[in-house]
Structure formats: structure tokens, C-alpha cells
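Below is one structure; the comments refer to it alone.
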Amino acid sequence: MKVRVRFAPSPTGGLHLGGVRTVLYNYLFARAHGGDFILRIEDTDQSRYVAGAEQYILDCLEWCGLTPDESPVIGGPHAPYRQSERKAIYHKYAAQLVEQGNAYYAFDTPEELERMRQDHRKDEHTPAQYDHNTRTKMRNSLSMPEADVKALLDAGTPHVIRIKMPENVNIHLTDMICGEMTFDSGLSDDKVLLKADGMPTYHLAVVVDDYLMGITHAFRGQEWLPSVPVHVMLWEYLGWGKHMPHWAHLPLILKPDGNGKLSKRDGDRLGFPVFAMNWTDPKTNEVTTGFKEIGFIPQAFVNMLAMLGWNDGTGQELFSMDELISHFSVERVHKGGAKFDYEKAKWFNHQYIQKTDTAALLDMALPFVEKELGHTCDKEQLEKVIPLIKDRCTLLTDFWAQGHFFFRTPELVEKAAITDKWNEQKQQFFTTWSTALASLTEWTEQSLEASFNEHVAQQGIKKGEVMLPFRIMLVGGKYGPGVFAIAALIGKEETIKRVGAITG
RNA sequence: GGCGCGUUGGUCAAUCGGCUAAGACGCCUCCCUUUCACGGAGGAAUGACGGGUUCGAUUCCCGUACGUGCUACCA
């Protein structure tokens, strides 16, 4: 049977790291088995729906190079791929479940539900939930006379459909990651399947769509483990038990400090991105920085995510997409959650920058440099700059941070380091050398250094005394590649200008 | 509270009963570099706890502790 997997996000906001990793594992699995990778949009919660989020998810997948084979925009044999457009399908199966006696109508108001929970919280032994213990005391088609139910239904009374979980069934599941698991069906509550607004909940929709779309392997986060019994029962009730996909519950990605699931807030607090790409909240216009915009190479981002919860056992950490496809195995995914380490994430990006050639880096770095420059950048100049500074670049934004002085006269941030120890001798040195530079015929790193050395000897000054001042004149601070290489690249005029700015 | 899942250095982690417990990130020291990095060489730092099983447990089993997830007409 052909492998078919799906990523099924809700279009509610930015695409989280964990979401991208789920996509990645789906994608790797599908590619390794010659299967299909489907994108399904789970937009059943109208109150949380955010305009633009669906397109944003598509953009993120494209940036990561994880494009689906079937999706709302591409289409496919099982369209529509948006759950909001599949309402009638869910209604049909919900009705079937009621018909079979595996689900029932419930008319309880939010207040009544809250009261039930309050009452049961006093009792520490039975959970405060809508289950086989409590459903007989609630207003539903199990507890009320048939005629009353019909009357309520005919009157158009708001109601939901709930699954009737059996009281004493042991539910087994063999998870590809977690292994054998057993649940007692009576401990799960009677989850709502169809909401009062006519939309299905996740529980119904995921089962119906996974079946109808022929999903063979289902990946999702471990936060879904507690609802496994409900889903397994649904597969059984609907008569599809033999077709249930193999499950793989992925470990959670945790906060770097403390504990708990990593959230967007943690990124804001600790100063790193959590979303794949910039996300602008359409209501507040608040922008949350993404990995793309902070300067990650997509391949590095994907590689880093692949290693967050999986490794091939050999110690290899750098994998191309093709290598990931051939090496990845669900069985080697960890069960335990992993704390996200931004330093390690940056290390991956640094590795990728180092192994990428200048031509490719030119394309990657250009938009970042031009954004800071405010206008188009001289590509030939950038091409010469890249080999000089790539060693010290961790993020693509560093090409500007480490190379801005090649394109623009720098602000002398560390001017004090020169002026504090300034004296007549240094003044004399730079003034005469500057004059000599004007008549220098060959302008190369070597000729510049030779000239510098010559003047140092002539003036009887220590080279160490004037190297740092020269650097700060050129760069503005105590960093950057060799000073003569910088001077060679920025040219005679600009070099003399920068020296003159200090010496007057 | 109930239920599920997890637990090897600060972090990510290897190990499928023989351990003097890999490797990576980070940290520290030194070298390189008349800057800052990169790079190179070293270093500190680990099996939650208690019982079993076994000739031998980090590895298998059971408890406990801790962590985490769920406990919505959200996914």
C-alpha cells in the first residue's frame, strides 16, 4: 500500500518550530517510502481562525523546501483539503454514529456543564468530566425520553453530538515511537464530536479525514496521547479499524530554561525566534521575528530541527535533505522531550555558511545587506567581501554586521581607543603615510602592508602602536579581517579619507 | 486530584548486559592572530533515588521521586 502522510495545522498564527519539525518528519517519511505528503488545513474553530495564516503556512513550507503533494491550493484526489469546506461529510458520519448508538445528542448549556464540573471537583475520586458517571445526570438523548429529545431537536435547540465512550474496554495502541500503550476507555470523557455551530471538533475531523484521505502513517505531537482512546474508538465505531494509520507521537520541544512546552512567549523573553518566518498579527500588527528573517539558511534550519529528537546513532550531525531522507527512521526518534538550544541552532547555521560557496552566499546575503544599506548593493564588491568575512558569520545578518565598513564609512564607535593614547608621533606617522598613500601606484594588500612597514621603520614607531588605530579608522571598532585587505578593497580614496577623518 | 508519557554532564545525546560511559553545543585554559572571530590542542562536567533479576547493570523488572502533557463546543 502506498504511504500517505499529512500535516494538518490550524491556521491560527505563526508556524512554530515544533510544527515545522512535524512537517519535516512527515516529509522525510513520505519521500523515503515513495509516498505522498498532504497538507490539510484544520480550520474548524471559527473563533480562532486568523486571516492570512493559511498562506503564511504555505510560504513557510516553501521556504523550508517541504512542499506538499496535495494541498488546498494544489488540490488532489481528496479535495477539498480545508476542513471548513467538508462540513457535510462530518455531519454524515456524526449522524451514523448517533444512529448506531455510539454517539448522542447533548443539550447542556455552558453553565450546566460548569456546574457539573464544580460539583465533581469536590469529589477527589471521580474526575470532573462528562463521562459514563455523569452523562445520566445531564440533558442528553441518553438520559431524556425520546419524545423530549425529538421536540428539542425539532425546535432547533442548540446541541452537540458526543461520543459515547464505553465503560470498561482496554484500548491498546502500538505507537511507532512510544511503543505499546494501554488505556482504560472509561477514563476518557465523552468528547464533543460535532459542535453547536455545526463544525466538527478535531476528534471527529481527524479520524474521518485520515480515513477518507487514505492516510497510512500519522505523525503528531505527544500532547495528543491522552486523546488516543477517543480516536481509536472512533475508528472502531465507524467500522474502519483495519484502516487506522500507524501512529507516531512526536516528543515535545521544551523551553531552554525551566520546563514546559516552548512557546512564542519564550522566544520573545529569551531573544530567539520560534516561528519559521516573520508573522504579523493581523489584529495588532505586531511582528514576531522568524528564523528566516533573523538570518537562517533554510537547509540549516531544517537540519537543526531534524536533530531535535532524532539522530542516526553515528554521531553525524550535518545532513543534506537527501541524506536525511535516506537516514531518517521513526524508530530512532526519542520518546522524551528536548529543550531547545538556540546556541546550537546558530552553530548549525554557521556550519552551513562555511560550507556554502561564495556565489550561493552572495544570493543569500544580498537581501540582508541591501536592507541595511537602504539601496542596491554593488554585487561585485560583496562577492569580494564574502570570502573575507564568512568565517565570522553565524547568521546571514552578520554579513552586514561584519562587513558594513566595506560599503559605507563606519561610525567610529571605538574612537576613544585611538584618541586616549594619541600623541604627536602617531599624528606624524599617519599624516605622512597618508600622503605617501596618495602616490602609491600599486594598490594591493601586499603593497599596502609593505608601505606601512616602510613608514613604521622610517618614523621609528612601533608597528603595534599604529595597527589598532588604523583598524579603528577603517572599521570603527576592534574587529574584522586584516586591515590591509580591507584598505585594498575599499580603495585609495576611501582609505585616505578614513585616515584623514582622525588625523585632520 | 485523575490518566498518559518521560528521566545519561548546563544543553542535545551514543550505548541495544562487560564502561577506563562516545560525540556535539556551551563553558574554561593554551596556541594561532600586532583586532575580533575562525581554526588547532587540552580541560572541567553525566547514569534521579531505592529495591530486585544477573557472574556482571547506565542498559531488564518493580516501586518512589521529579519533570511534562492532557483533563474545552482549541487544536
Side-chain angles (χ1 to χ4, degrees), chain A residues 8-12 42-45 47-48 106 108-110 113-114 117 120-121 123-131 158-162 175 177-179 181-184 187-189 191-203 205-206 220-229 249 251-252 254 256-261 304 307-318 334-348 350-351 354 389-394 398 402 414 417 462-468 470-472 474-475 477-483:
Chain A
S10 288
T12 53
E42 308 221 330
D43 55 347
T44 56
D45 186 354
S47 66
R48 293 212 310 159
D108 315 277
T109 63
L113 290 170
E114 185 49 34
R117 292 191 185 107
H120 278 263
R121 257 187 263 279
D123 182 357
E124 292 187 355
H125 298 291
T126 60
Q129 59 183 21
Y130 208 119
D131 59 13
H159 64 276
V160 300
I161 292 179
R162 287 180 181 271
D175 185 274
I177 293 167
C178 303
M181 280 177 298
T182 308
F183 301 85
D184 178 352
L187 264 13
S188 290
D189 61 340
K191 289 281 181 224
V192 169
L193 263 20
L194 206 63
K195 301 185 264 190
D197 67 0
M199 281 289 191
T201 59
Y202 171 79
H203 306 292
V206 74
R220 59 167 28 162
Q222 273 178 3
E223 69 266 30
W224 288 109
L225 241 23
S227 49
V228 158
H249 287 90
L252 269 12
L254 278 12
D257 61 342
N259 282 301
K261 275 198 293 188
M304 175 275 290
M307 302 308 292
L308 208 53
W310 171 84
N311 71 76
D312 75 345
T314 66
Q316 182 178 345
E317 293 189 280
L318 267 15
H334 301 133
K335 297 181 187 181
K339 290 181 184 168
F340 177 65
D341 181 355
Y342 188 52
E343 290 306 317
K344 185 72 186 241
K346 285 193 293 189
W347 174 82
F348 274 98
H350 182 256
Q351 294 297 313
Q354 301 324 309
I389 62 171
K390 71 183 282 192
D391 281 356
R392 60 201 78 208
C393 292
T394 294
D398 290 334
Q402 293 292 334
E414 302 203 56
K462 279 187 201 148
K463 193 178 176 185
E465 296 263 310
V466 282
M467 283 292 279
L468 188 64
F470 185 38
R471 164 169 300 283
I472 294 171
L474 295 181
V475 175
K478 301 178 195 173
Y479 61 93
V483 280

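Residue numbering restarts at 1 for every chain, and letters A, B, ... go by the order of the sequence lines. Everything numeric here is computed off the predicted structure, so don't read it as measured data.
Looking at heavy-atom distances under 4.0 Å, A:F340 makes no contact with the nucleic acid at all. Looking at heavy-atom distances under 4.0 Å, A:D108 makes contact with a base. Note on A:G482: a base of the nucleic acid sits closer than 4.0 angstrom, heavy atoms only. At a threshold of 4.0 angstrom between heavy atoms, the contacts of A:A196 include nucleobase atoms, whether or not backbone atoms are also involved. Nucleic acid contact for A:G464: base, since at least one base atom lies under 4.0 Å from a heavy atom of the residue. At a threshold of 4.0 angstrom between heavy atoms, the contacts of A:P481 include nucleobase atoms, whether or not backbone atoms are also involved. A:M181 comes within 4.0 angstrom of sugar-phosphate atoms only, judged by non-hydrogen atoms across all strands, and of no base.
In the set B:A75, B:C25, B:A72, the nucleotide with an atom closest to the side chain of A:R117 is B:A72. Of the candidate nucleotides B:G26, B:U34, B:A14, B:G26 has the atom lying nearest to any side-chain atom of A:E343. For A:L187, whose side chain is taken as the heavy atoms from C-beta onward, the closest listed nucleotide among B:C3, B:A72, B:A13 is B:C3. Which of B:U35, B:C38, B:G10 sits closest to the side chain of A:D391 comes down to B:C38. For A:Y479, the side-chain atoms get nearest to B:U35 when compared with the rest of B:U35, B:A14, B:C73. In the set B:A75, B:U35, B:C25, the nucleotide with an atom closest to the side chain of A:R471 is B:U35. Comparing B:U11, B:A75, B:C73 by their nearest atom to the side chain of A:V192 picks out B:C73.
For A:K463, the NZ atom sits in a packed shell: over 12 heavy atoms of surrounding residues, nucleotides or ligands are nearer than 6.0 Å.
A:D184 has its CG atom 10 Å from the P atom of B:C3, to the nearest Å. Distance A:D175 CG to B:G4 C1': 12 Å, rounded to the nearest Å. Separating the OH atom of A:Y130 from the P atom of B:G2 is a distance of 25 Å, rounded to the nearest angstrom. When the P atom of B:C36 is taken as reference, atom CG of A:L474 falls 16 Å away, rounded to whole Å. Look at CG on A:D341: it is 5 Å from C1' on B:U11, rounded to the nearest Å. The distance from atom CD1 of A:I177 to atom C1' of B:G4 is 15 Å, rounded to the nearest whole Å. The nearest whole Å value for the distance from the CD1 atom in A:I389 to the P atom in B:C38 is 15 Å. Whole-Å rounding puts the A:K335 NZ to B:U8 P distance at 13 Å.
The same atom, P, is picked in B:U11 and in B:U68; the two are 14 Å apart, to the nearest Å. Rounded to whole Å, the separation between the C1' atoms of B:C19 and B:A14 comes to 13 Å. For the C1' atoms, the distance from B:G52 to B:A57 is 12 Å, rounded to whole Å. B:C16 and B:U59: their C1' atoms are spaced 8 Å apart (whole Å). Taking atom P in both B:C73 and B:G50, one finds a spacing of 45 Å when rounded to whole Å. For the P atoms, the distance from B:A48 to B:G39 is 33 Å, rounded to whole Å. For the P atom pair drawn from B:G9 and B:A22, the interatomic distance equals 14 Å after rounding to whole Å. Taking atom P in both B:U64 and B:A41, the straight-line distance is 49 Å, to the nearest Å.
Under the side-chain contact (heavy atoms from CB on, under 4.5 Å) criterion, A:D197 pairs with A:Q46, A:K195, A:M199, sequence neighbours left out. Legend: residues meeting salt bridge (Lys or Arg N to Asp or Glu O under 4.0 Å) with A:K346, ordered by chain and number and at least two apart, are A:E343.
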Review item, nucleotides 39-42 of chain B N/O atoms under 3.5 Å of protein N/O:
none

List, with names and distances, any nitrogen or oxygen atoms from the protein found under 3.5 Å away from nitrogen or oxygen atoms belonging to nucleotides 66-70 of chain B.
| residue | atom | partner | partner atom | Å |
| --- | --- | --- | --- | --- |
| B:G67 | O3' | A:N259 | ND2 | 3.3 |
| B:G69 | OP1 | A:K261 | N | 3.2 |
| B:C70 | OP1 | A:K261 | NZ | 3.4 |

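One finds no side-chain N or O of A:K339 lying less than 4.0 angstrom from the OP1 or OP2 phosphate oxygen of B:G26. Between A:H334 and B:A13 there is a side-chain polar atom (N or O) within less than 4.0 angstrom of OP1 or OP2. Here A:R162 reaches the OP1 or OP2 of B:C73: one of its side-chain N or O atoms lies under 4.0 Å away. Residue A:T182 has no polar side-chain atom (N or O) positioned under 4.0 Å from OP1 or OP2 of B:G4. Contact check, A:N311 against B:A14: a side-chain N or O comes under 4.0 Å of OP1 or OP2.
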Apply side chain to side chain donor-acceptor pair (under 3.5 Å) to residues A:Y202 and A:D45 and explain how you reach the verdict. CA-CA 9 Å; A:Y202 171 79; A:D45 186 354; over 6 Å; no
Could you please spell out the steps behind the salt bridge (Lys or Arg N to Asp or Glu O under 4.0 Å) verdict for A:E317 and A:K344? CA-CA 11 Å; A:E317 293 189 280; A:K344 185 72 186 241; 2.8 Å; yes
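The distance from atom NZ of A:K191 to atom CG of A:D131, rounded to the nearest 0.5 Å, is 10.5 Å. In this structure, CH2 on A:W347 lies 5.0 Å from CG on A:L318, to the nearest 0.5 angstrom. Considering CD1 of A:I177 and CH2 of A:W310, their distance stands at 12.5 Å, rounded to 0.5 Å. Annotation: the span from A:I161 atom CD1 to A:T201 atom OG1 amounts to 10.5 Å, rounded to 0.5 Å. In this structure, the separation between CD on A:Q316 and CE on A:M307 is 8.0 Å, given to the nearest 0.5 Å.
Mapping A:A128 and A:Y202 onto RNA chain B via the closest heavy atom, the residue that lands nearer the 5' end is A:A128. Residue whose closest nucleotide on RNA chain B sits further toward the 5' end, between A:Q129 and A:G480: A:G480.
Salt bridge annotation for A:K339-A:D341: absent, with no cationic side-chain nitrogen under 4.0 angstrom from a carboxylate oxygen.
Nucleotide B:C28 is shown with an anti base, its glycosidic torsion being more than 90° from 0.
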Dot-bracket for RNA chain B, 5' to 3', counting Watson-Crick or G-U wobble pairs under 3.5 Å, with [ ] for crossing pairs and | for inter-strand pairs? (((((((..(((.....[....))).(((((.......)))))....(((((..]....))))))))))))....
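The cationic group of A:R162 lies under 6.0 Å from the six-membered ring centre of A:Y130 and within 45° of the ring axis, placing it in a cation-pi geometry.
For the pair A:Q354/A:D391, a side-chain contact is recorded, criterion being any heavy-atom separation below 4.5 Å from C-beta on.
One N or O donor and one acceptor, one from the side chain of A:R392 and one from the base of B:C36, sit under 3.5 Å apart.
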Please list every donor-acceptor pair under 3.5 Å in which a side-chain atom of residues 221-228 of chain A meets a protein atom from a residue at least two apart or in another chain.
| residue | atom | partner | partner atom | Å |
| --- | --- | --- | --- | --- |
| A:Q222 | NE2 | A:K335 | O | 2.9 |
| A:S227 | OG | A:W224 | O | 2.9 |

